[in-house]
Amino acid sequence: MCGIVGVAGAQPVVDRLVEGLKRLEYRGYDSAGLAVLEKGMIERRRAEGKIINLEAELQQAPVDGVFGIAHTRWATHGRPSTQNAHPHAAGPVAIVHNGIIENYRELRDDLIAAGHSFESETDSEVIAHSIWYEIQAGKAMKDAFFGTLQRLKGAFAVAAVYEGEPDRVYAAREGSPLVVGLAETETFIGSDALALAGWTRQVIYLEEGDWCIAQPGSVEVFDAAGVAVERDVQISNAVPGFADKGEYRHFMEKEIHEQPDAIGRTLSHYIDPETQTFSIPDIGWNTASRLALTACGTAFYAGLVGKYWFEALARIPVEADIASEFRYREPVLSPSDRALFISQSGETADTLAALRYCKAQGAQTLGVVNVPESSIARECDETAFTYAGPEIGVASTKAFTAQLTALACIAAGAARARGQIDAETEAELTKALLATPRKIGEALELESQIATIASELTTKRDVLYL
């Protein structure tokens, strides 16, 4: 789960940008970086690995200014590396980006044809080049930024700085959260209010499609049509070290709205959008005779959906069991069988016992878990992680749909490994899955209509599901 921090400030920002990134460490990351405007010029510092590596880079090559943007990245398009770390730059423009740009290939090809050269393997870099292309065509930064947003297709949050306007930070959201923080002489941008805790309690939660221009002590907000709008200023209760509900009434509502982000992050680990192929853990899919799929509770429901995909796409016979029943019925397994275990925590006792039984029978094992340090992750032969982040709500939302996302990718990848689908079908499946975060975001925009229907249903005694 990537993190964005930005400051349109009156005081030096580098230490505070790093501090903001540390508050977002709970979201997970594999590289970090920042860009500041120093004497009107963009200076970038980036490092693979932990934020401490970025701090070491800053000690060796100090830089500072009063305007800047920063980012922690989970590898999406392109491997974890300094070259692929954010911020990305094109000419006098630097950007940070969370999410998926579905049409980046088309945008990149057009920009290359126009003479632009790309340095990274990411989809994000097209945003910087697109803004710079618009500026080169004679547009002001405001129009270039808005014009670029109109061409992007996907679910994303983005922040940008431009040397030609060194007193502004531009930001936008579409399917990925972004918060503006207000202070008397400074304005802040963050992926959530927690990133801004301690700097200000006055926040604006940008609505879907909103974009803004942040200056010291003020912000202009525009809607998806480019029309200036007023958004409510709210008081945040975020405290460093504690999760925050943000603009939502409770954590479950917040986590429902985090699903496009969680699904996008998970997809990015199993799909290469450049080659339109799946990259999944290999437990010998091409020689598997049967798949034993085991989980508990909500994870078991995800497994039941996965059973359809494995059988329909990969043509692998699947037995799906609740782990508590599986471990006691002592099923017959052979080395040609494969076993898949799903658990949000990776510590579910019955699922862990089922895993140990399958390993004892010689079956190769794969865990689908959300916690890399968990017992199931450590004990399985291979592990496919979901990237939902912490889930506080009791009823599973984003963890469940992230599990479905991973299972869909694994089933499709297994189908390709077994020769059950060709390259053309694989490309179609990757394209369809990459569109999922945007489509879920569109569904969430129907929230008021859904609430009306739900209210009507509360008076009904029976509901028939077909």
Side-chain angles (χ1 to χ4, degrees), residues 1 26-28 243 245 248-267 269-270 281 291-312 318-329 339-355 357-358 365-377 379-380 383-411 433 436-437 439-441 443-444 447 450 454 457 463 465:
M1 188 190 293
Y26 77 92
R27 300 165 71 94
K245 295 191 293 291
Y248 302 103
R249 295 168 298 162
H250 44 74
F251 281 107
M252 182 176 171
E253 183 181 37
K254 179 174 185 266
E255 289 159 1
I256 286 171
H257 284 265
E258 288 177 342
Q259 288 179 103
D261 245 10
I263 291 169
R265 288 189 302 276
T266 303
L267 286 171
H269 283 265
Y270 304 114
L291 178 64
L293 197 154
T294 309
C296 292
T298 303
F300 176 64
Y301 297 141
L304 290 177
V305 180
K307 171 182 168 72
Y308 280 89
W309 292 333
F310 278 106
E311 292 189 335
V318 179
E319 291 184 7
D321 285 87
I322 294 175
S324 57
E325 298 181 5
F326 178 90
R327 62 181 291 199
Y328 290 117
R329 72 177 177 87
L340 191 153
F341 307 89
I342 310 165
S343 170
Q344 193 283 137
S345 66
E347 301 291 349
T348 311
D350 286 325
T351 307
L352 187 57
L355 161 63
Y357 175 85
C358 290
T365 56
L366 171 65
V368 176
V369 300
N370 195 45
V371 181
E373 302 82 9
S374 63
S375 298
I376 290 176
E379 295 190 27
C380 277
T383 308
F385 295 113
T386 55
Y387 295 86
E391 187 172 61
I392 296 170
V394 175
S396 184
T397 53
K398 63 176 182 174
F400 172 64
T401 48
Q403 288 168 349
L404 290 178
T405 301
L407 290 171
C409 292
I410 296 166
L433 283 168
T436 306
K439 291 183 176 180
I440 290 181
L444 291 173
E447 185 171 17
I450 294 167
L457 287 175
V463 178
Y465 293 90

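By convention here, the first residue in the shown sequence is residue 1.
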Please check if atom OH in Tyr301 has more than 12 non-hydrogen atoms from other residues, nucleotides or ligands closer than 6.0 Å.
no
When every non-hydrogen atom of Ala402 is compared with those of Ala388, the smallest separation belongs to CB-CB, 4.1 Å
To the nearest 0.5 angstrom, please state how far the CG atom of Leu267 sits from the OG1 atom of Thr436.
6.0 Å
Residue of the set Glu258, His250, His257 for which side chain to side chain donor-acceptor pair (under 3.5 Å) holds with Lys254
Glu258
Here the gap from Leu293 atom CG to Lys307 atom NZ, rounded to the nearest 0.5 Å, amounts to 9.0 Å
If you apply the rule salt bridge (charged side-chain N to carboxylate O under 4.0 Å, His left out), what do you find for Arg329 with Glu325, and how did you get there?
CA-CA 6 Å; Arg329 72 177 177 87; Glu325 298 181 5; over 6 Å; no
Closest non-hydrogen atom pair, Phe341 against Ala354
CE2-C, 3.7 Å
Do side-chain atoms of Asp350 reach the backbone of Ala323 as a donor and acceptor pair under 3.5 angstrom?
no
Please check this pair: side chain of Lys398 against backbone of Pro390, looking for a donor-acceptor N/O pair closer than 3.5 Å.
yes
Are Ile440 and Ile263 packed together at the side-chain level, in the sense that at least one heavy-atom pair is separated by less than 4.5 angstrom?
yes
Please determine, by modelled atom types, if Ser343 and Thr348 share a side-chain donor-acceptor pair under 3.5 angstrom.
yes
Do the rings of Tyr387 and Tyr270 sit parallel, tilted or perpendicular, given the 30° and 60° boundaries?
tilted
Please report the closest heavy-atom contact between Cys409 and Leu433, naming both atoms and the distance.
SG-CD1, 4.2 Å
Spacing of Gln259 atom CD and Phe400 atom CZ [to the nearest 0.5 Å]
9.5 Å
Would you give the length of the straight line joining atom CD of Gln403 to atom OG1 of Thr298, rounded to the nearest 0.5 angstrom?
8.0 Å
Between atom CG of Leu304 and atom CG of Asp321, what is the distance when rounded to the nearest 0.5 Å?
10.0 Å
Would you please say whether a donor-acceptor pair under 3.5 Å links the side chains of Ser396 and Glu391?
yes
Looking only at side chains, do Glu347 and Ser375 share a donor and an acceptor under 3.5 Å apart?
yes
Going by heavy atoms in the side chains, are Ile342 and Thr351 under 4.5 Å from each other?
no
Starting at CG of Leu366, measure out to SG of Cys358 and round the result to the nearest 0.5 Å.
12.0 Å
Considering only heavy atoms from C-beta outward, does the side chain of Ile410 approach that of Phe310 to under 4.5 Å?
yes
Is the shortest side-chain heavy-atom distance between Thr386 and Val368 below 4.5 Å?
yes
If we only count heavy atoms from C-beta on, is the Phe385 to Val369 side-chain gap below 4.5 Å?
yes
Between Gly393 and Glu255, what is the shortest heavy-atom contact and its length?
N-OE1, 2.9 Å
On a heavy-atom basis, which atom in Pro281 and which in Thr383 lie closest, and how many Å separate them?
CG-O, 3.6 Å
Taking all heavy atoms of Asn370 and all of Gly389, pick out the closest pair and write down the distance.
ND2-O, 3.1 Å
